Amino acid sequence: MRLSTPVANAVKQHLLQKIRFSGPITVSEYMKTCLYQPDHGFYSRNPLGRHGHFITSPEISSLFGEMLGIWAARQWESMGCPVPVSYVELGPGRGLMCGDILNTFLKVTDLKLKDLDIKLVEISKALRKLQKERLTSVFKKHADDLSVEWCDNILSCAVKSPFLLFANEFFDALPVHIYKRITTRWLEVLVDVDRNDKFLFINSPGSTASLPLIPDIFHQSNHLELSYESGIILMHLAKMLNDNRGSCLIIDYGHDDVASSNDSFRAFRSHKQVDPLNDPGDCDLTADVNFAYFRHILNSEKDVSVDIYGLVEQGDFLMQLNIHQRLKDALAACPSQDKARQVFDAFKSITSPTHMGSKFKVFGVQSKSLGEPPGFQTESEEVN
């Protein structure tokens with residue numbers, strides 16, 4: 001039998017008191033408390049890596065970040081090679097992808113480290129420390145030229161120069177509201193507790209504050225998961241792209257189907273899927289990114305205009321960036337067959353349709369008139 005940690009118990013007690021005194025809460029509030037409560041929330045610690053609760057593409061293979069570094073270089077050229085240029089990342093984890101992207105970016109361009117204005121959006125003090133250590137290690141020979149600013153959220157992040165923004169497995173961890181269509185009307189799924197202090201899902205007895213916010217495009221769905229916090233961030237990114245030249249790359253698991261009725265709200269602990277209502281604060285909560293909602297938000301903004309690309313599968317995206325050639329170079333540099341096997345297996349994990357290659361999707365948003373970014377050519381375009 002596994003016992004909850006004292007930290008997780010603090011989150012649970014907070015939720016129990018909240019529900020007892022105020023009534024059932026939205027899934028969004030439950031998720032936000034579990035993940036982001038200061039000092040006690042799941043992301044206040046270091047949940048990443050092979051010994052954490054989940055593992056991301058940059059943790060598996062440095063090839064992932066290196067290819068994104070090449071993508072960044074091409075986008076920088078399409079923006080006219082501006083100096084300085086800002087590198088922005090939402091949820092940088094332990095800083096592995098950031099280090100790989102920037103290291104490659106500088107290698108394939110004539111930019112210097114001092115030309116980069118690095119902005120990292122991260123709320124976890126523990127992860128900020130790891131990110132700083134990682135970047136200091138990667139650029140130890142030029143530590144004096146390393147300029148990094150950490151922000152609690154993108155809305156408070158002052159980006160004044162042309163920018164490249166990356167978000168890998170960031171939006172799936174933002175709180176979602178969950179709705180179910182009962183006959184002809186939507187009801188919101190709420191979190192309540194029973195007499196034994198066990199959390200359970202219930203349907204709202206009537207309307208809630210967020211129900212009127214559901215866009216009409218989802219009228220064919222019977223189960224809907226929407227992150228309004230993601231919508232706020234998307235609107236802000238669109239404004240940034242209008243105010244300055246920029247390109248954003250969002251990589252996450254999700255879908256682009258307005259009729260989708262999949263229930264994707266789930267929890268992970270030690271790389272295993274668990275009940276999202278058990279041990280709040282002690283497991284990662286996540287939901288598939290609704291890219292159809294992203295597209296709707298960006299197309300609905302009257303005051304801004306951006307170009308949207310995708311969805312494409314992560315494996316296809318990396319193949320179009322010629323990751324095969326980079327793999328050959330990496331294998332040739334391996335000191336042993338065992339190391340070569342590790343490199344190849346990691347490559348398969350991030351590109352194969354049976355692994356992360358098809359599960360993860362790539363979505364691009366950029367300023368107008370920059371031209372199509374690499375990696376987004378569709379199958380029909382390839383045939384033509």
Side-chain angles (χ1 to χ4, degrees), residues 28 68 71-72 74-75 78-79 86-91 119 121 151 153-159 162-177 179 210 212-221 224-260 264 287-314 316-317 360-378 381:
S28 178
L68 296 188
W71 185 89
R74 294 182 185 175
Q75 288 303 93
S78 75
M79 290 191 288
S86 293
Y87 173 91
V88 186
E89 187 172 342
L90 310 183
K119 310 278 190 181
V121 177
C151 309
N153 60 72
I154 188 62
L155 278 68
S156 64
C157 201
V159 181
F163 66 94
L164 297 160
L165 182 145
F166 294 86
N168 180 60
E169 291 196 59
F170 171 78
F171 284 97
D172 67 90
L174 294 186
V176 295
H177 289 262
Y179 308 100
S210 70
L213 302 177
I214 300 176
D216 292 337
I217 60 170
F218 297 109
H219 67 278
Q220 297 180 57
S221 176
L224 185 60
E225 298 161 353
L226 294 180
S227 171
Y228 298 116
E229 290 196 25
S230 294
I232 292 170
I233 292 173
L234 261 292
M235 288 189 286
H236 183 74
L237 293 183
K239 186 177 185 304
M240 288 173 59
L241 292 168
N242 267 245
D243 293 343
N244 226 320
R245 286 168 294 165
S247 187
C248 306
L249 197 68
I250 299 169
I251 304 174
D252 228 312
Y253 43 81
H255 64 85
D256 197 13
D257 181 6
V258 294
S260 173
S264 71
D288 287 359
V289 175
N290 192 329
F291 287 105
Y293 176 63
F294 281 22
R295 195 181 303 277
H296 168 77
I297 286 292
L298 294 170
N299 287 329
S300 299
E301 274 297 288
K302 297 179 180 179
D303 298 330
V304 297
S305 181
V306 295
D307 285 334
I308 303 170
Y309 295 91
L311 290 179
V312 298
E313 294 183 351
Q314 176 177 290
D316 291 340
F317 178 82
F360 285 82
K361 308 297 192 298
V362 186
F363 186 80
V365 190
Q366 66 180 28
S367 302
K368 284 286 187 181
S369 305
L370 291 184
E372 182 178 337
F376 288 95
Q377 189 178 37
T378 63
E381 289 172 335

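The analysis underlying the following values was restricted to heavy atoms, covering all of them including side chains, and did not include hydrogens, waters or symmetry mates. These numbers come from a predicted model, not from an experiment.
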Worksheet item: Would Tyr309 and Phe363 satisfy ring-ring contact (aromatic ring centres under 6.0 Å, His included), going step by step from the backbone distance to the final call?
Response: CA-CA 6 Å; Tyr309 295 91; Phe363 186 80; 9.6 Å; no
Worksheet entry | Heavy-atom check, side chain of Phe294 versus side chain of Ile308, under 4.5 Å | no
Discussion item. By the salt bridge (Lys or Arg N to Asp or Glu O under 4.0 Å) test, which pairs, at least two apart or in different chains, include something from residues 299-310?
Written reply: Asp307-Lys368
Discussion item. For the CG atom of Leu155 and the NZ atom of Lys239, what is their distance to the nearest 0.5 Å?
Written reply: 10.5 Å
Discussion item. Apply salt bridge (charged side-chain N to carboxylate O under 4.0 Å, His left out) to residues Asp256 and Arg295 and explain how you reach the verdict.
Written reply: CA-CA 8 Å; Asp256 197 13; Arg295 195 181 303 277; 2.8 Å; yes
Worksheet item: Would you call Val306 and Leu237 a side-chain contact if the rule is heavy atoms closer than 4.5 Å?
Response: no
Worksheet entry | Heavy-atom side-chain proximity of Ile154 to Val88 below 4.5 angstrom | yes
Worksheet item: Could you walk me through whether Asn290 and Leu224 pass the side-chain contact (heavy atoms from CB on, under 4.5 Å) check?
Response: CA-CA 9 Å; Asn290 192 329; Leu224 185 60; 3.9 Å; yes
Discussion item. Please check: side-chain N/O of Asp252 versus main-chain N/O of Phe171, any donor-acceptor pairing under 3.5 Å?
Written reply: yes
Worksheet entry | Separation of Phe218 CZ from Glu225 CD (nearest 0.5 Å) | 11.0 Å
Practice prompt. Would you confirm whether the ring centroid of Phe317 sits within less than 6.0 angstrom of the ring centroid of Phe360?
Written response: no
Worksheet item: Would you say the side chain of Val362 lies within less than 4.5 Å of the side chain of Ile250, judging by non-hydrogen atoms?
Response: no
Worksheet item: Aromatic rings Tyr179 and His177: how do their planes relate, parallel, tilted or perpendicular, breaks at 30° and 60°?
Response: parallel
Response to the item:
Taken to the nearest 0.5 Å, the spacing of Asn168 CG from Gln314 CD works out to 7.0 Å
Practice prompt. Any chance you could lay out the side-chain contact (heavy atoms from CB on, under 4.5 Å) test for Leu174 and Tyr228, step after step, and finish with the verdict?
Written response: CA-CA 9 Å; Leu174 294 186; Tyr228 298 116; over 6 Å; no
Item to complete: Return the minimal non-hydrogen interatomic distance between Ala292 and Asp257, and the atom names on each side.
Response: CB-N, 4.2 Å
Discussion item. Just so I know, are the side chains of Cys248 and Leu241 near enough to count as touching, which here means a heavy-atom distance under 4.5 Å?
Written reply: yes
Discussion item. Are Tyr293 and Ile217 packed together at the side-chain level, in the sense that at least one heavy-atom pair is separated by less than 4.5 angstrom?
Written reply: no
Practice prompt. Quick one: pull up CZ in Phe163 and NZ in Lys119 and give me the separation to the nearest 0.5 Å.
Written response: 12.5 Å
Worksheet item: Distance-only, no hydrogens or angles: does the Ser367 side chain make a donor-acceptor pair with backbone N or O of Gly246 under 3.5 Å?
Response: yes
Discussion item. Please check this pair: side chain of Ser247 against backbone of Gln75, looking for a donor-acceptor N/O pair closer than 3.5 Å.
Written reply: no
Discussion item. Assess the residue pair Met79 and Leu164 against the criterion (side-chain contact (heavy atoms from CB on, under 4.5 Å)); give the C-alpha distance rounded to whole Å, side-chain angles, the decisive distance to 0.1 Å, and a yes or no.
Written reply: CA-CA 10 Å; Met79 290 191 288; Leu164 297 160; 3.6 Å; yes
Worksheet, complete the sentence: When rounded to the nearest 0.5 Å, the distance separating CG of Leu165 from CD of Glu89 is 8.5 Å
Worksheet item: Looking at the rings of Trp71 and Phe166, which for Trp means the six-membered one, are their centres under 6.0 Å apart?
Response: yes
Discussion item. Could you tell me if the side chain of Val365 sits less than 4.5 Å from the side chain of Leu249, heavy atoms only?
Written reply: no
Worksheet item: Is there a side-chain contact between Val159 and Met240, using heavy atoms and a 4.5 Å cut-off?
Response: yes
Discussion item. Ignoring hydrogens, what is the shortest heavy-atom contact between Pro374 and Arg74? Give both atom names and the distance.
Written reply: CB-NH1, 3.6 Å
Practice prompt. Using the test salt bridge (Lys or Arg N to Asp or Glu O under 4.0 Å), find all partners of Asp172 that sit at least two apart in sequence or belong to another chain.
Written response: none
Discussion item. On a heavy-atom basis, which atom in Ser260 and which in His255 lie closest, and how many Å separate them?
Written reply: CB-CE1, 3.7 Å
Discussion item. Looking only at the side chains, is there a donor atom on one of Glu372 and Gln377 sitting less than 3.5 Å from an acceptor on the other?
Written reply: no
Worksheet item: Looking only at heavy atoms, what is the nearest atom pair of Ile297 and Gly231, with distance?
Response: CG2-O, 3.9 Å
Item to complete: State the CG-OG distance between Asn244 and Ser86, to the nearest 0.5 angstrom.
Response: 8.0 Å
Worksheet entry | Backbone of Asn153 reached by a side-chain donor or acceptor of Ser156 within 3.5 Å | yes
Worksheet item: Sub-3.5 Å donor-acceptor pair from the side chain of Ser264 to the main-chain atoms of Ala287, do we have one?
Response: no
